[in-house]
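Worksheet for the structure shown next.
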Amino acid sequence: MDVLEFGTDGWRDVIADRFTYRNVARCAQAYAEHLLEAGQDSVVVGYDTRFGGESFARLVAEVMAANGLTALLSATFVPTPALSFAVTHFAAGGGVMLSASHNPPQYNGLKVKGSYGGSATDEVYRDVAARVATTDDARVRRDKGSGKGLGSVEIVDIRPLYFQKLAELIDVETLRGVRGTLVHDAMGGAAAGWLSGFVHFTGLEVQVEQLRKRPDPLFHGVNPEPLPPNMATTIARAQEGDLLFASATDGDGDRLGLVLPGGKFFNSHQIFAVLLDLMQRRGGSGRVVKTFTVSRLIERLAQRRGLEVVETPVGFKHIVEKMLEGDVLIGGEESGGIGVAGHIPERDGIANTLLILEAIARSGMGLEELFAGLEREADWHHAYDRADLHLESRSLTGAVMAALADPPQLIAGRPLTSVETRDGVKLNLGDSAWLLVRASGTEPLLRIYAEAPSADEVATLLAQAKRFVAAVPVLKR
């Protein structure tokens with residue numbers, strides 16, 4: 001049997017390599033057993049626009065039904081946040097989302113959702129992974145007949161239910177005064193048509209212009225991650241002007257990146273700051289939860305406003321755990337996933353796009369002006385970037401991480417002041433700069449993050465980090 005590795009948000013693998021019907025069925029059987037042991041009787045199953053998504057989802061639903069569960073299968077492709085919401089709406093025991101999120105097109109994956117409508121906890125993933133490891137073909141139930149103890153597969157239309165939920169979260173009346181064009185780049189992913197559908201559902205007068213709206217398992221030739229290298233189409237449209245802003249959502253619609261009029265990228269940290277400000281100005285309070293990779297801007301802004309800041313390892317499931325404890329105003333991660341109070345404990349690129357629109361409407365300012373005010377308040381100039389280094393194998397990423405056990409004491413002219421290993425290796429440097437190296441949990445990939453007082457200094461830090469990686473002996477052979 002293939003050994004399947006579960007990362008920060010489920011299992012992902014290359015389609016037709018290890019992401020096969022056989023292995024998907026093994027995962028479905030393992031999760032079905034987990035749900036039954038927990039006393040649950042139903043599960044919601046959804047899929048995004050990746051190759052074979054509908055058939056993989058149908059297989060999962062059939063395995064669930066064969067184990068005696070009621071499987072509520074989405075009638076069409078669905079964004080992950082809508083699937084997560086449906087779990088709570090139907091009071092299901094959990095959810096399965098067939099998606100590899102922002103990974104390249106050759107990948108697919110399987111995410112597990114808790115009954116609360118958010119990413120499964122570490123405890124759940126550990127249990128499911130342990131069951132998968134011992135599940136062979138003989139253990140998988142696939143019979144489709146009827147009989148005592150068998151469940152059923154029911155087709156459900158999640159879209160109108162999710163729109164109603166969004167209408168309860170968003171201040172729709174404030175948005176009724178908004179005129180202009182909101183550009184949405186779905187990147188060929190599962191959010192295609194859902195943002196414009198909500199605007200039609202509520203009768204708002206803002207115009208939604210859709211880019212790359214055709215669902216595409218190849219994501220129109222890019223990786224479906226809302227970062228500048230994948231957003232040339234979005235940036236080119238924003239450079240034409242005549243828009244409020246452009247929002248790009250990732251492959252399964254739970255993350256977003258924004259582009260300002262004129263074509264300037266507005267990153268996840270900036271989005272986080274604006275949403276933090278909006279949620280508090282709405283009268284909200286509570287803790288601010290950020291992952292290890294998020295800019296120090298967020299903690300400084302929160303501290304200026306008397307809000308407690310909690311830091312977690314990378315992975316939205318860690319934020320979900322804090323949200324389930326209660327008293328969380330907002331939680332977010334560097335990769336564009338943000339969850340807010342009053343919604344499901346889940347990141348939601350569609351909801352957050354609408355909340356950004358609400359922030360503009362409430363403030364009467366454009367995003368750039370609004371964010372500049374938050375920088376002044378926090379007394380922090382935001383300069384941050386990330387580089388992804390693709391290596392030949394996961395063993396090579398491990399070699400680099402091992403080499404960081406003895407890091408340089410001087411990096412780009414800045415002394416090393418401390419080292420944190422909450423998730424990866426973060427090298428804290430003079431003048432509040434820092435450099436973080438993490439190995440991806442799903443690909444042979446190193447992610448390198450840097451923050452410093454200026455963009456030039458960030459670029460210098462990233463360049464030195466790349467030289468350090470290239471000099472690791474095993475990579476020089």
Is the closest side-chain donor-acceptor distance between [X] and [Y] under 3.5 Å?
X	Y	result
N108	R50	no
S418	N428	yes
D48	T80	no

>> So if I apply the ring-ring contact (aromatic ring centres under 6.0 Å, His included) rule between F56 and each of F19, Y47, F51, which one comes out positive?
In response: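 So the option named by the test is F19.
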Sequence neighbours left out, what pairs pass salt bridge (Lys or Arg N to Asp or Glu O under 4.0 Å) with at least one residue falling in [range]?
range	value
residues 227-241	E209-R237, R237-E240
residues 188-206	R179-E205
residues 94-121	D9-K111, K111-D252, K111-D254, K113-E346
residues 190-199	none

When you measure from the side chain of [X] to the backbone of [Y], do you find a donor-acceptor pair of N or O atoms at a distance under 3.5 Å?
X	Y	answer
R447	S440	no
R300	A378	yes
S454	E457	yes
N352	I338	yes

> Does atom NZ of K426 have more than 12 heavy-atom neighbours from other groups under 6.0 Å away?
Replying inline: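 Yes, NZ of K426 has more than 12 neighbouring heavy atoms, counting only those of other groups under 6.0 Å.
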>> Are there over 12 heavy-atom neighbours, none belonging to E54, within less than 6.0 Å of that residue's CD?
In response: no
> Would L367 and V274 satisfy side chain to side chain contact (heavy atoms under 4.5 Å, CB included), going step by step from the backbone distance to the final call?
Replying inline: CA-CA 8 Å; L367 274 178; V274 170; 4.2 Å; yes
Donor-acceptor pairs are to be reported for all side-chain atoms of residues 326-333 against protein atoms at under 3.5 Å, with residues two or more places apart or in another chain.
residue, atom, partner, partner atom, Å
E333, OE2, S335, OG, 3.4
E333, OE2, R347, NH1, 2.3

> In this structure, which one of E334, E308, E299 forms a salt bridge (charged side-chain N to carboxylate O under 4.0 Å, His left out) with K290?
Replying inline: E299
Working to the nearest 0.5 angstrom, can you tell me the gap between [X] [atom1] and [Y] [atom2]?
X	Y	atom1	atom2	value
I356	L182	CD1	CG	11.0 Å
R12	S99	CZ	OG	7.0 Å
I350	I170	CD1	CD1	11.0 Å
L427	Q409	CG	CD	9.5 Å
L355	L275	CG	CG	6.0 Å
L73	I155	CG	CD1	4.0 Å

Check: [Y] and [X] side chains under 4.5 Å, non-hydrogen atoms:
X	Y	value
V314	R438	yes
L429	L416	yes
R386	L227	yes
F201	V199	no
L72	V43	no
H102	N223	no
R287	L307	no

Which heavy-atom pair separates [X] from [Y] by the least distance, and what is that distance?
X	Y	result
A273	L297	CB-CD2, 4.1 Å
V60	L110	CG2-CD1, 4.4 Å
G117	I344	O-CB, 3.6 Å
P81	G253	CG-O, 3.7 Å
F265	L258	CD1-O, 3.3 Å
G188	T49	O-OG1, 2.9 Å

Short N-O contact, [X] and [Y], less than 4.0 angstrom:
X	Y	result
R305	E377	yes
E358	R362	yes
R212	D216	no

> When you look at I15 and Y107, which way does the side chain to side chain contact (heavy atoms under 4.5 Å, CB included) test go after all the steps?
Replying inline: CA-CA 5 Å; I15 300 167; Y107 283 81; 5.9 Å; no
>> Applying side chain to side chain contact (heavy atoms under 4.5 Å, CB included) to M187 and T234, what does each step give before you reach the verdict?
In response: CA-CA 9 Å; M187 306 183 83; T234 332; 5.9 Å; no
> Given the rule in the side chain to side chain donor-acceptor pair (under 3.5 Å) test, do D250 and S101 qualify, once you have shown the distances and angles that lead to the verdict?
Replying inline: CA-CA 7 Å; D250 73 334; S101 188; 3.2 Å; yes
Among residues two or more places apart or on two chains, list those pairs meeting ring-ring contact (aromatic ring centres under 6.0 Å, His included) that have a residue in [range].
range	result
residues 212-248	none
residues 322-352	none
residues 289-332	none

Report, one line per pair, each donor and acceptor closer than 3.5 Å where one atom sits in a side chain of residues 458-472; sequence neighbours left out.
residue, atom, partner, partner atom, Å
T460, OG1, D456, O, 3.0
Q464, OE1, A412, N, 2.9

>> Tell me which pairs pass side-chain hydrogen bond (donor to acceptor under 3.5 Å, both in side chains) where either residue lies in residues 188-200, with sequence neighbours left out.
In response: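 Listed by first then second residue: S196-Q210.
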>> Once side-chain hydrogen bond (donor to acceptor under 3.5 Å, both in side chains) is applied, what residue pairs with a partner in residues 261-272 remain, sequence neighbours excluded?
In response: K264-E368, N267-H382
>> E369 vs F371, test: side chain to side chain contact (heavy atoms under 4.5 Å, CB included). Steps then yes/no.
In response: CA-CA 5 Å; E369 183 184 0; F371 178 71; over 6 Å; no
Please list, one pair per line, the donor and acceptor atoms closer than 3.5 Å that link side chains of residues 160-169 to other protein atoms, with sequence neighbours excluded.
residue, atom, partner, partner atom, Å
Y162, OH, D348, OD1, 2.9
Y162, OH, D348, OD2, 2.9

